[in-house]
Amino acid sequence: MPEITITLPDGSARTLADGATGADLAADIGPGLAKAALVVEVDGEPHDLATPLPDGAKVRFLTSRDPEVLEHIRHSTAHVLAQAVLELWPGATFAGGPPIEDGFYYDFELPGGATFTEEDFERIDARMREIIAADQSFERFELPLDQAKELMADHPYKQTFMDLAAAGDDADGEVSSGEVISFYRNGDGFVDMCRGPHVPSTGRLGHFQLTRTGGAYFRGSEENPMLQRIYAAAFADKKELRAHLHRLEEAAKRDHRKLGVELDLFSFPEEVGSGLAVFHPKGGIIRRLMEDYSRQRHEEAGYEFVYSPHISKSNLFETSGHLQWFADGMFPPMQLDHDHDGGSTDYYLKPMNCPFHILIFKNRQRSYRELPLRMFEFGSVYRYEKSGVVHGLTRVRGMTQDDAHIFTTKDQMVDELESILLFVLDLLRDYGLDDFYLELSTKPDGKAVGTDDEWDEATAALRSVAEKMDIELVMDPGGGAFYGPKISVQARDAIGRTWQMSTIQVDFQLPQRFEMTYIGPDGERHRPIMIHRALFGSVERFFAVLLEHYAGAYPAWLAPEQVRILPVSEAHADYAHEVAAELRGHGFRIEVAAADETLGNRIRRAKGEKLPYVLVVGDDDVAHRTVGVNPRGNEVERDVPLGGFIERLGADVAAKR
RNA sequence: GCCCGAGUAGCUCAGUUGGCAGAGCAGCUGUCUUGUAAACAGCAGGUCAGGAGUUCGAUUCUCCUCUCGGGCUCCA
């Protein structure tokens with residue numbers, strides 16, 4: 001009988017009968033592994049355990065402890081979801097169902113255009129658990145394209161995937177491009193097209209939870225029909241699933257929209273309009289402190305401060321190209337300045353600040369000696385976001401950008417880009433964010449101005465600077481603005497979520513469109529290069545990011561109320577106010593909570609408002625000029641000398657703690 | 001913009017065959033005078049998102065609009 005030899009990860013070899021599968025090998029090694037193995041990796045490629053092993057292969061088993069097995073668990077669970085839905089809705093059809101971070105989704109089209117409801121989740125979940133309890137095995141088989149399409153005759157979306165793959169477009173990852181299409185059949189005959197591998201049987205699954213449902217365009221295009229998508233979380237074991245669900249709860253608790261209400265920071269009055277925020281006094285303090293510090297740092301870094309109006313005649317945005325390329329994102333025009341012939345002039349709310357800064361540059365002749373010329377503005381812009389995308393402070397229709405435009409010579413560009421990026425990262429760290437990666441966005445398909453050479457040059461400049469930073473760099477092909485490529489700084493917050501923060505964009509286009517020039521040392525006119533740069537992105541979004549990052553517990557330098565002083569009884573009120581006055585004299589933000597409620601309740605309120613410090617003052621403190629210090633997140637300290645506390649708070653603020 | 005869901009007091013939420021609108025917290029007024037996470041009592045608070053329709057009667061049923069939430073697409 002012919003034999004094959006297999007090498008294991010520890011370098012040892014095993015001999016098996018020809019035709020032996022991964023499962024056979026696992027059983028040969030031991031019953032523990034046979035039970036635990038989910039997928040077999042043959043020469044680095046994942047396969048089903050039922051796959052016969054080739055002679056001489058290097059083989060490794062993946063169990064629930066291997067992180068790379070998660071995608072196979074998720075893919076297999078998605079298959080069970082599809083099985084359940086197609087059983088429960090006769091006549092339903094299905095499209096794609098890939099694994100994603102933390103789980104998977106699957107897209108369906110239900111008969112009669114029906115949609116999923118929350119109650120449906122229970123039925124689907126119950127049916128999925130029945131399928132899992134039945135421990136049906138997944139069996140792979142392959143068919144040539146024509147037979148495959150016949151098998152999926154009732155499922156046009158699957159056929160589309162096959163056609164795309166046959167044409168060499170496997171961007172959807174649903175099917176491997178090639179001569180044959182692979183399928184998986186379950187114990188009771190359900191078949192789904194899939195490139196695999198799957199876990200051996202449904203019994204190996206079960207740590208999942210259906211989470212959300214919603215419409216989703218087929219293959220992500222607005223041109224295509226809308227399908228019904230179900231999202232689920234799925235993990236290798238119960239503990240991981242529970243930990244993930246717990247993380248979701250924690251994230252929900254620090255949702256800036258919820259904290260904004262609880263801490264009385266901002267609101268979106270319905271009377272004003274969708275996506276238009278008002279900041280309340282406490283939110284106003286935080287925002288002003290954020291802006292003040294930014295202003296100070298920009299001043300130190302050689303930026304000059306400018307101001308521009310919120311509206312402009314249409315000519316400006318015609319010259320800039322915004323009306324050609326960005327009109328969808330702009331509020332419709334106001335027609336003003338009517339003349340006798342019935343003509344009028346269109347005025348637009350500005351969606352960006354750059355054209356105004358260019359006009360400031362152009363207001364007089366500029367010399368190379370003035371470059372780099374750095375203009376900064378907290379510029380409020382308005383964008384007509386589509387109704388479905390407005391979201392808290394992170395996606396609004398009126399926002400203020402901490403916007404700067406830097407005009408340089410070509411020679412200065414790379415150095416300037418580097419110093420901007422260093423400046424941005426340094427400043428973000430001061431606000432408490434210190435975990436970053438960079439994203440380089442390149443020329444968008446079709447929707448861009450300028451030549452390929454210009455784009456290549458600008459992209460190369462950005463790349464060279466990004467690579468110097470010793471920070472992870474990822475590519476975002478086609479993600480640039482219409483006028484140039486960009487680097488964006490992505491920051492991870494306290495619970496690991498990433499937010500797009502700063503963007504730095506190189507722009508050769510607007511200087512051309514506006515025919516900007518400066519006089520060089522040679523006495524000739526030259527064209528400057530423009531760098532667009534926003535650090536917060538928008539003040540509103542950055543506000544939201546910091547609020548969620550700190551979960552409302554702002555460091556002392558940003559806290560709207562840094563200290564609340566609680567006299568134990570009314571007898572200590574005078575001393576409390578004396579302490580408050582002294583602290584205010586040092587520039588701190590202080591309130592006194594009078595003793596008309598119990599001390600315990602006043603402590604509780606102050607804690608709910610997440611103040612950095614609560615001071616309690618009673619008889620002992622009046623006698624010795626001390627305070628009782630109750631710091632956020634730490635133990636209570638008694639008999640602290642007032643002077644010592646003032647120093648400590650000053651140190652917190654200075655260190656931005 | 002598209003698919004789905006929701007909107008009741010400042011906040012969190014009750015409110016069924018369509019019949020006078022409720023609680024807790026917050027607020028206000030008293031009383032209590034407190035040493036580290038909920039003292040006690042009382043009062044006030046609502047065009048039930050807005051507008052049409054059906055009905056003797058609509059918070060409840062229907063339609064439209066607005067706003068919000070979850071997705072898709074888009075994006076700072």
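The sequence lines fix the lettering, A, B, ..., with proteins before strands; numbering per chain opens at 1.
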Q. Atom CG of A:Asp107 to atom C1' of B:C4: distance rounded to whole Å?
A. 14 Å

Q) Can you check whether A:Ser387 has a side-chain N or O nearer than 4.0 Å to OP1 or OP2 of B:G1? A) yes

Q.
Whether A:Tyr105 contacts B:C72 is assessed here as follows: a side-chain N or O lying under 4.0 Å from the phosphate OP1 or OP2. Is that the case?
A. no

Q.
Consider side-chain contact (heavy atoms from CB on, under 4.5 Å). Of A:His405, A:Gln505, A:His357, which one does A:Met530 pass it with?
A. A:His405

Q. Is the distance from OP1 or OP2 of B:U33 to the nearest side-chain N or O of A:Ser569 less than 4.0 Å?
A. no

Q | Interatomic distance at P, B:G22 relative to B:U36, whole Å | A | 41 Å

Q) Contact class for A:Gly275 vs. all strands (heavy atom < 4.0 Å): base, sugar-phosphate, or nothing? A) sugar-phosphate

Q: Just compare B:A76, B:A38, B:C3 and give me whichever is closest to any side-chain atom of A:Thr115.
A: B:C3

Q | Minimum-distance nucleotide to A:Ile603 side chain [options: B:A76, B:A39, B:A37] | A | B:A37

Q. Any side-chain N or O of A:Thr117 less than 4.0 Å from the OP1 or OP2 oxygen of B:G5?
A. no

Q: Report yes or no: is the cationic atom of A:Arg229 (NZ for Lys, CZ for Arg) closer than 6.0 Å to the six-membered ring centre of A:Tyr105, at no more than 45° off its axis?
A: yes

Q: Classify the side-chain pair A:His322/A:Ser320 by whether it contains a donor and acceptor separated by less than 3.5 Å.
A: yes

Q | Interface with RNA chain B, restricted to residues 425-434 of chain A and to heavy atoms under 4.0 Å | A | none

(Q) What's A:Asn630 touching, base or sugar-phosphate or nothing? Going by heavy atoms closer than 4.0 Å. (A) base

Q: Check whether any side-chain nitrogen or oxygen of A:His391 sits under 4.0 Å from OP1 or OP2 of B:C68, and answer yes or no.
A: no

Q) So, is A:Arg605 near the phosphate of B:G27, with a side-chain N or O under 4.0 Å from OP1 or OP2? A) yes

(Q) Quick check for you: among B:G71, B:C11, B:C75, whose closest atom lies nearest to any side-chain atom of A:Arg395? (A) B:C75

Q | Under-4.0 Å side-chain N/O to phosphate OP1/OP2 contact, A:Arg257 with B:G69 | A | yes

Q | Donor-acceptor pair between A:Tyr613 and A:Asp652 side chains, under 3.5 angstrom | A | yes

Q. Can you tell me if the side-chain N/O atoms of A:Lys258 get under 4.0 Å from OP1 or OP2 in B:C11?
A. no

Q. Do you see a donor-acceptor pair shorter than 3.5 Å between the side chains of A:Tyr575 and A:Asp621?
A. no

**Q.** The single option from A:Thr93, A:Thr115, A:Leu86 passing side-chain contact (heavy atoms from CB on, under 4.5 Å) against A:Phe108
**A.** A:Leu86

Q.
Considering every strand and a 4.0 Å limit on heavy-atom distances, what is the contact class for A:Arg541: base, sugar-phosphate, or nothing?
A. base

Q) With respect to A:Glu597, which candidate in A:Arg605, A:Arg604, A:Arg602 satisfies the side chain to side chain donor-acceptor pair (under 3.5 Å) definition? A) A:Arg605

(Q) When you measure from the side-chain N and O atoms of A:Arg604 to the phosphate of B:A38, is any distance below 4.0 Å, counting only OP1 and OP2? (A) no

